[in-house]
There are 2 protein chains.
Amino acid sequence: MEVKTKQQGIKVVADVLDIIGGKWRGPILSYICDKPRRFNELKSILGRITSATLSKELRYLEELRMIDRVEIRTETSSACEYRMSQHGKSIKTLIQHVVEWGLQHRKVVLGEGV
Amino acid sequence: MEVKTKQQGIKVVADVLDIIGGKWRGPILSYICDKPRRFNELKSILGRITSATLSKELRYLEELRMIDRVEIRTETSSACEYRMSQHGKSIKTLIQHVVEWGLQHRKVVLGEGV
DNA sequence: TTAACAGGTATCTTTTTTCATACCTAAACA
DNA sequence: TGTTTAGGTATGAAAAAAGATACCTGTTAA
């Protein structure tokens with residue numbers, strides 16, 4: 001599969017933005033990329049997100065096959081963790097590119113005057 | 001400047017998503033990246049965008065120093081073009097990374113079943 | 001002098017996202 | 001047996017983004 005038309009390229013960009021865009025998906029993925037996270041852990045790192053929103057976003061990322069919801073059972077506790085899926089891990093490099101460009105952008109747009 | 005904390009990295013990601021995210025900014029940048037474009041040209045390629053929205057998005061991208069609004073005067077006409085700024089051009093590589101990852105993603109998430 | 005085109009602005013409505021608040025369930029604990 | 005912890009759901013309000021529609025301004029073209 002390859003980019004055949006400009007129009008198709010645009011649609012691919014839209015696909016990706018649907019995954020990492022919005023107010024919370026980028027941050028959620030970044031944190032889970034870092035290491036597996038529990039629901040309440042994410043909730044407290046993200047700060048102002050509500051349970052309802054976090055729950056919805058996690059289910060959506062799972063549906064997109066970016067993350068896995070893994071139930072963890074020991075003798076004394078049952079919990080669950082969210083982890084990057086096999087495929088999801090591949091977005092880490094892209095996020096790194098985003099961060100690198102973002103830092104350049106800050107230099108240019110903010111750096112000169114600040 | 002470098003990424004010092006996870007928190008800072010997240011903010012950089014949010015900065016970048018503010019530029020290429022949303023319904024229209026990614027597509028608008030992609031088209032202008034390709035070559036300089038006129039207002040009505042963009043409007044017709046983008047399809048369902050309204051003048052008000054296009055105008056607002058272009059002004060915002062200009063404010064972010066991603067694009068330049070260039071007035072073009074010849075003897076017979078006066079028009080204007082939107083072009084990538086010097087800095088804006090640097091996002092082309094990032095958009096290419098996005099497209100590349102997006103194509104992989106399609107293979108994994110859609111490709112197996114479609 | 002009037003119409004047409006390019007490049008918009010102004011208002012208001014609709015849709016989509018996010019938030020606030022309250023509540024629920026199962027397991028472990030004391 | 002009652003409370004705490006983890007991981008949520010339900011409902012409605014508020015805010016943000018996008019759209020529809022009408023209108024404005026300065027050329028050029030007939």
Side-chain angles (χ1 to χ4, degrees), chain A residues 10-11 13-32 35-64 66-83, chain B residues 10-11 13-32 35-64 66-83:
Chain A
I10 301 283
K11 281 181 191 162
V13 170
D15 283 358
V16 179
L17 289 174
D18 182 56
I19 298 173
I20 58 173
K23 183 165 183 181
W24 298 112
R25 282 174 213 163
I28 290 170
L29 284 174
S30 300
Y31 286 121
I32 299 180
K35 63 182 185 191
R37 306 280 187 173
R38 313 258 296 254
F39 188 90
N40 285 324
E41 188 186 358
L42 284 170
K43 204 180 164 208
S44 79
I45 317 174
L46 289 165
R48 304 192 173 282
I49 196 169
T50 63
S51 293
T53 301
L54 179 55
S55 174
K56 186 170 62 71
E57 297 296 49
L58 288 170
R59 269 185 281 112
Y60 187 60
L61 289 171
E62 206 186 342
E63 189 185 308
L64 288 174
M66 294 298 296
I67 62 176
D68 293 324
R69 183 178 184 285
V70 182
E71 299 216 8
I72 309 216
R73 302 185 171 281
T74 64
E75 318 82 49
T76 57
S77 73
S78 86
C80 75
E81 260 182 7
Y82 293 90
R83 302 181 179 173
Chain B
I10 300 285
K11 281 180 192 163
V13 170
D15 283 358
V16 179
L17 289 173
D18 181 56
I19 297 173
I20 58 172
K23 185 165 181 181
W24 297 112
R25 282 174 213 164
I28 289 170
L29 284 174
S30 300
Y31 286 120
I32 299 180
K35 63 182 185 191
R37 304 281 188 172
R38 312 259 297 254
F39 187 90
N40 285 324
E41 187 185 359
L42 284 170
K43 204 179 165 209
S44 79
I45 316 174
L46 290 164
R48 302 192 175 282
I49 197 170
T50 63
S51 294
T53 302
L54 180 54
S55 174
K56 186 169 63 67
E57 297 297 50
L58 288 171
R59 269 185 280 114
Y60 187 60
L61 289 170
E62 205 186 343
E63 189 185 309
L64 288 173
M66 294 298 295
I67 62 175
D68 293 324
R69 182 178 185 284
V70 182
E71 300 216 9
I72 308 215
R73 300 184 173 283
T74 64
E75 319 83 48
T76 56
S77 72
S78 88
C80 75
E81 261 182 6
Y82 294 91
R83 303 181 178 172

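By convention in this document, chain letters (A, B, ...) are assigned in the order of the sequence lines, proteins followed by strands, and residues within each chain are numbered from 1. The shown structure was predicted, so the numbers you read here are calculated from the model rather than taken from an experiment.
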**Q** Hey, are A/Glu71 and A/Arg69 close enough for a salt bridge, meaning a charged N less than 4.0 Å from a carboxylate O?
**A** yes

**Q** So, is B/Arg38 near the phosphate of C/dA6, with a side-chain N or O under 4.0 Å from OP1 or OP2?
**A**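 For C/dA6, neither OP1 nor OP2 has a side-chain N or O of B/Arg38 closer than 4.0 Å.
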
**Q** Please state how far atom CG in A/Leu54 lies from atom P in D/dG7, giving the value in whole angstrom units.
**A** 10 Å

**Q** Nearest to the B/Glu57 side chain among C/dG8, C/dC19, D/dA18, which nucleotide is it?
**A** D/dA18

**Q** In whole angstroms, how far is the C1' atom of D/dA16 from the CG atom of B/Asp18?
**A**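 Those two atoms, CG and C1', are 13 Å apart.
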
**Q** Nearest whole Å is fine: how far is D/dT9 P from A/Leu58 CG?
**A**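 It is 10 Å, rounded to the nearest whole Å.
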
**Q** Of all the nucleotides listed (C/dA10, D/dT9, C/dG8), which has the minimum atom distance to the side chain of B/Ala52?
**A** C/dA10

**Q** Apply side chain to side chain contact (heavy atoms under 4.5 Å, CB included) to A/Leu54 and A/Ile28, showing your working.
**A** CA-CA 9 Å; A/Leu54 179 55; A/Ile28 290 170; 3.8 Å; yes

**Q** When you match A/Gly22 and B/Lys56 each to their closest nucleotide on DNA chain C, which lands nearer the 5' end?
**A**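 Upstream on the strand: B/Lys56.
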
**Q** Which whole-number value in Å describes the distance from B/Ile72 CD1 to D/dG26 P?
**A** 21 Å

**Q** With a 4.0 Å limit, can you tell me whether A/Arg37 has a side-chain N or O closer than that to the phosphate oxygens OP1/OP2 of D/dG7?
**A**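 Checking D/dG7 against A/Arg37, no side-chain N or O comes under 4.0 Å of OP1 or OP2.
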
**Q** Do the side-chain N or O atoms of A/Arg59 get closer than 4.0 angstrom to the phosphate oxygens (OP1, OP2) of D/dT9?
**A** yes

**Q** Students often get this wrong, so: under 4.0 angstrom with heavy atoms, is A/Lys23 touching a base, only sugar-phosphate, or nothing?
**A**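 Sugar-phosphate: the residue A/Lys23, judged by heavy atoms under 4.0 Å, touches backbone atoms but no base.
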
**Q** Output the rounded distance in Å from CD1 (B/Ile49) to C1' (D/dA17).
**A** 12 Å

**Q** Quick one: which of D/dG19, C/dT9, D/dA6 gets closest to the side chain of B/Thr53?
**A**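 Between D/dG19, C/dT9, D/dA6, the one nearest the side chain of B/Thr53 would be D/dG19.
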
**Q** Is the phosphate of C/dG8, meaning OP1 or OP2, less than 4.0 Å from a side-chain N or O of B/Tyr82?
**A**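 For C/dG8, OP1 or OP2 has a side-chain N or O of B/Tyr82 closer than 4.0 Å.
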
**Q** Check this one for me: any side-chain N or O of B/Arg25 less than 4.0 Å away from OP1 or OP2 of D/dA17?
**A**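 B/Arg25 to D/dA17 OP1/OP2: no side-chain N or O under 4.0 Å.
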
**Q** Knowing that exactly one of B/Arg38, B/Lys43, B/Arg37 qualifies, which makes a salt bridge (charged side-chain N to carboxylate O under 4.0 Å, His left out) with B/Glu41?
**A** B/Arg37

**Q** Nearest whole Å is fine: how far is D/dT5 P from A/Lys43 NZ?
**A**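 Nearest whole value for this atom pair: 14 Å.
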
**Q** Taking only the side-chain nitrogens and oxygens of A/Ser55, find out if one of them lies under 4.0 Å from OP1 or OP2 of D/dG8.
**A** no

**Q** Side-chain N or O of A/Arg48 versus OP1/OP2 of C/dC19: is the shortest distance under 4.0 Å?
**A** no

**Q** What's the OH-P distance between A/Tyr60 and D/dG8, to the nearest Å?
**A**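 The answer, rounded to whole Å, is 19 Å.
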
**Q** Of the options B/Ile20, B/Leu64, B/Asp18, which is the one that meets B/Arg25 in a side chain to side chain contact (heavy atoms under 4.5 Å, CB included)?
**A**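 Among B/Ile20, B/Leu64, B/Asp18, the one that satisfies the side chain to side chain contact (heavy atoms under 4.5 Å, CB included) with B/Arg25 is B/Asp18.
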
